[in-house]
K.L.:
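Please read through the structure below; I'll follow up with questions.
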Amino acid sequence: MKIPLNLAGGAALAALLLCVSVSFFAIVEAEDPYRFFSWNVTYGDIYPLGVRQTGILINGQFPGPDIHSVTNDNLIINVFNSLDEPFLLSWNGVQQRRNSYEDGVIGTTCPIPPGKNFTYILQVKDQIGSFYYFPSLAFHKAAGGFGGIRILSRPRIPVPFPDPAGDYTVLIGDWYKSNHTTLQAHLDNGKKLPFPDGILINGRGPNGVSFNVEQGKTYRLRISNVGLENSLNFRIQNHKMKLVEVEGTHTLQTTYSSLDVHVGQSYSVLVTADQPAQDYYIVVSSRFTSEVLTTTAILKYSNSAGPVSGPPPGGPTIQIDWSLNQARSIRTNLTASGPRPNPQGSYHYGLINTTKTIILSSSAGQVNGKQRYGINSVSISDRPTGGGIYLDTSVLGADYRAFIEFVFQNDEDIIQTYHLDGYSFFVVGLDGGQWTSDSRNSYNLRDAIARSTAQVYPKSWTAIYVALDNVGIWNLRSEFWARQYLGQQFYLRVYTASTSLRDEFPIPKNALLCGRAKGRHTRPL
């Protein structure tokens, strides 16, 4: 794959104009605050399911520290790699406007060598909401190295609910007792992974974490599924949850008794401590699995009269229609402000004509006797080929400012989830069976949720609209991590002939160089 590096060269006049442009941008953006982070990534012993494992820690923490920010903040994150292998962090849902070089995936960001450091320079431009970061190389995600990201609204931008009394990050995910190196070797040997051993909540096993509340007050929970493959159902004993935000979009404030959080997804809910003062179970269980994994945490009232009582509340297990109907009920709050004061509904995506339809279908098969996965047999045309799977580097080209319809067709018996870096897209349709052009008659063209991670149910399809307004090379991947590792991903190259900084930043001066770029020089600024 050829990565455009915007390498040095050009006349003195061009260099002068570039310097003037950079100075101009520095002046314009000087008002946005800077937040500095220094992280040391190490191995360490962890015991999340009662047995010792080698975890990946950030500043000695598992999970890693939260990132707290405000819309348009500049985040300067210096990452020291104290592991004995290359390492990268990626920022799930952070759009990296005009700057795919900071995305932290192997196609656009070179790994940090052992014993070295790299400083990520991010801006959470025109974003709000709940996201997370994670290690993107090898199978590191199975060892930790993940943490929450929250982007608050600027002070003058109205938020469609009162400030909560507290704001908690809740990282949930399936987990293996085996070390990540063992799991990776299993995949490298051409085998599928076994069923996970359990579920973690903020890096802890059953009843290993509690969330403190005061009676009568309302709290925000930012729930992210940072696991490896399974959809999870989240619920709180005797309490309702009001959904208020999904991956940067304020939602219609629908109340749920339980919520399906598919792998890679993030949700914000409000929970009011309106029950008799005692402790209550928080329950997370696997969805669409023959064996149901379950774990619990504690919602602890400050004036609690006693511990949790009764069995943890049950939830849905294999019901697809239940989850599909819930997904359709999650819609954008058209009158609420997003990162800017104008209402989220002021962008009428349903009135824009699409310029292209791209149908993506997962592929699974054996290559050289080993299990491999792909999308459209790795060929990455705009339609599935129906041919056998094969090894290749997959890049799909698209034009800047095109308005694309993607259709994810899932002909397999498992639920799948896809994430697109650099973008938020509108989930306009979900249904069972094969997608056809007539399926557009069921699209939500008014208030579909805008997000960066979408599920596709078994033997079903999901359609999204995306405005390609962010130049760069962006990873589109399965969030089923073994499938991603074994090939179910590609890079979307959003291209423009323009060399203006308004469209794309040059490669950073501190960029690590690898592959074909090794030994070359980045453009001086």
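Being a predicted model, the structure only gives us computed values, none of them experimental. The analysis underlying the following values was restricted to heavy atoms, covering all of them including side chains, and did not include hydrogens, waters or symmetry mates. The first residue of the sequence shown is numbered 1, and numbering continues consecutively from there.
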K.L.:
Only pairs at least two apart or in different chains count here, so list each side-chain hydrogen bond (donor to acceptor under 3.5 Å, both in side chains) that has a residue in residues 41-51.
P.N.:
Tyr43-Asp84, Tyr43-Glu85
K.L.:
Less than 3.5 Å apart, any donor N or O on the side chain of Thr332 or Asp447 sitting next to an acceptor on the other?
P.N.:
no
K.L.:
Keeping the roles fixed (side chain from Tyr176, backbone from Ala143), state whether a donor-acceptor pair exists under 3.5 Å.
P.N.:
no
K.L.:
Report yes or no: does Asn444 contribute a side-chain atom to a donor-acceptor pair with the main-chain N or O of Val428 at less than 3.5 Å?
P.N.:
no
K.L.:
For residues Ser329 and Tyr256, is any side-chain donor paired with an opposing acceptor at under 3.5 Å?
P.N.:
yes
K.L.:
So, are Arg451 and Glu245 salt-bridged, with charged N and O less than 4.0 Å apart?
P.N.:
no
K.L.:
So, Asp197 and Lys177, do they make that salt bridge, N to O below 4.0 Å?
P.N.:
no
K.L.:
If only side-chain N and O atoms count, and only distance matters, is there a donor-acceptor pair under 3.5 Å linking Tyr418 with Gln488?
P.N.:
yes
K.L.:
Can you tell me if Asp174 uses its side chain to pair, donor with acceptor, with the backbone of Val263 under 3.5 Å?
P.N.:
no
K.L.:
Please work out whether the ring planes of Tyr423 and Trp474 are parallel, tilted or perpendicular, with thresholds of 30° and 60°.
P.N.:
perpendicular
K.L.:
Indicate whether any N or O donor in one side chain lies under 3.5 Å from an N or O acceptor in the other, for Ser266 and Ser130.
P.N.:
no
K.L.:
If we ignore hydrogens and angles and just use 3.5 Å, is the side chain of Asn202 paired with the main-chain N or O of Thr169 as donor and acceptor?
P.N.:
yes
K.L.:
Kindly say whether Thr335 contributes a backbone atom to a donor-acceptor pair with the side chain of Asn333 at under 3.5 angstrom?
P.N.:
yes
K.L.:
Heavy-atom distance under 4.5 Å between the side chains of Leu75 and Tyr120, does that happen here?
P.N.:
no
K.L.:
Does a donor on one side chain sit under 3.5 Å from an acceptor on the other, for Asp411 and Gln409?
P.N.:
yes
K.L.:
Would you mind telling me which of Val124, Asp126, Asn470, Leu122 makes a side chain to side chain contact (heavy atoms under 4.5 Å, CB included) with Arg97?
P.N.:
Asn470
K.L.:
Which residues pass the side chain to side chain contact (heavy atoms under 4.5 Å, CB included) test with Ala450, not counting sequence neighbours?
P.N.:
Thr249, Ser424, Phe426
K.L.:
Kindly say whether Leu232 contributes a backbone atom to a donor-acceptor pair with the side chain of Asn230 at under 3.5 angstrom?
P.N.:
no
K.L.:
Does the side chain of Glu412 come under 3.5 Å of the side chain of Ser362 through a donor N or O and an acceptor N or O?
P.N.:
yes
K.L.:
With no hydrogens and no angle check, is any side-chain donor or acceptor of Arg235 less than 3.5 Å from a backbone partner on Leu259?
P.N.:
no
K.L.:
Is it true that the side chains of Ser323 and Asp260 contain a donor and an acceptor less than 3.5 Å apart?
P.N.:
yes
K.L.:
Applying side-chain hydrogen bond (donor to acceptor under 3.5 Å, both in side chains), which residue pairs with at least one partner in residues 152-165 are found, sequence neighbours left out?
P.N.:
none
K.L.:
Is a donor on one side and an acceptor on the other found under 3.5 Å between the side chain of Asn59 and the backbone of Gln61?
P.N.:
no
K.L.:
First locate atom CD1 of Ile46, then atom CD of Gln53, and finally report the distance between them rounded to the nearest 0.5 Å.
P.N.:
5.0 Å
K.L.:
Does Trp175 have its ring centroid less than 6.0 Å away from the ring centroid of Phe195?
P.N.:
no
K.L.:
Tell me whether Asp431 is salt-bridged to Arg328, with the criterion being a basic N under 4.0 Å from an acidic carboxylate O.
P.N.:
yes
K.L.:
Please name the pair of heavy atoms, one in Ser268 and one in Leu243, separated by the smallest distance, quoted to 0.1 Å.
P.N.:
O-CD1, 3.4 Å
K.L.:
Treating Thr462 as the side-chain partner and Leu430 as the backbone partner, does any N or O pair qualify as donor plus acceptor under 3.5 Å?
P.N.:
no
K.L.:
Classify the side-chain pair Glu102/Gln96 by whether it contains a donor and acceptor separated by less than 3.5 Å.
P.N.:
no
K.L.:
For the rings on Trp481 and Phe134, is their centre-to-centre separation under 6.0 Å?
P.N.:
yes
K.L.:
Quiz question: by atom type and distance under 3.5 Å, do the side chains of Ser285 and Asn233 form a donor-acceptor pair?
P.N.:
no
K.L.:
Could you tell me whether the side chains of Gln265 and Gln455 share a donor-acceptor contact shorter than 3.5 Å?
P.N.:
yes
K.L.:
Does the side chain of His239 come within less than 4.5 Å of Gln275's, by heavy atoms?
P.N.:
yes
K.L.:
Checking the side chain of Asp274 only, and the main-chain atoms of Gly216 only, is there a donor and an acceptor separated by less than 3.5 Å?
P.N.:
no
K.L.:
Would you mind reporting whether Phe425 and Tyr465 have side-chain heavy atoms less than 4.5 Å apart?
P.N.:
no
K.L.:
Check the side chains of Ser136 and Ser90 for a donor-acceptor pair under 3.5 angstrom, ignoring hydrogens and angles.
P.N.:
no
K.L.:
So Phe118 and Phe80, do their side chains get closer than 4.5 Å, heavy atoms only?
P.N.:
no
K.L.:
Quick one: does Tyr485's side chain get under 4.5 Å of Gln184's, heavy atoms only?
P.N.:
yes
K.L.:
Tell me whether the rings of Phe37 and Trp39 are parallel (<30°), tilted (30 to 60°) or perpendicular (>60°).
P.N.:
perpendicular
K.L.:
Between Ser82 and Asn40, do the side chains contain a donor N or O and an acceptor N or O under 3.5 Å apart?
P.N.:
yes
K.L.:
Does one side chain, of Asp73 or Gln123, offer a donor that lies under 3.5 Å from an acceptor on the other?
P.N.:
no
K.L.:
Whether the Thr119 and Asn78 side chains hold a donor-acceptor pair (N or O, under 3.5 Å, no angle test) is what I'd like checked.
P.N.:
yes
K.L.:
Do Asn475 and Arg477 have side-chain atoms, one donor and one acceptor, less than 3.5 Å apart?
P.N.:
yes
K.L.:
Within the structure provided, determine whether Asn92 and His419 are in side-chain contact (heavy-atom separation under 4.5 Å).
P.N.:
yes
K.L.:
Using a 4.5 Å cut-off on heavy atoms from C-beta on, say whether the side chain of Leu171 contacts that of Arg222.
P.N.:
no
K.L.:
Could you tell me if the side chain of Gln344 sits less than 4.5 Å from the side chain of Leu334, heavy atoms only?
P.N.:
no
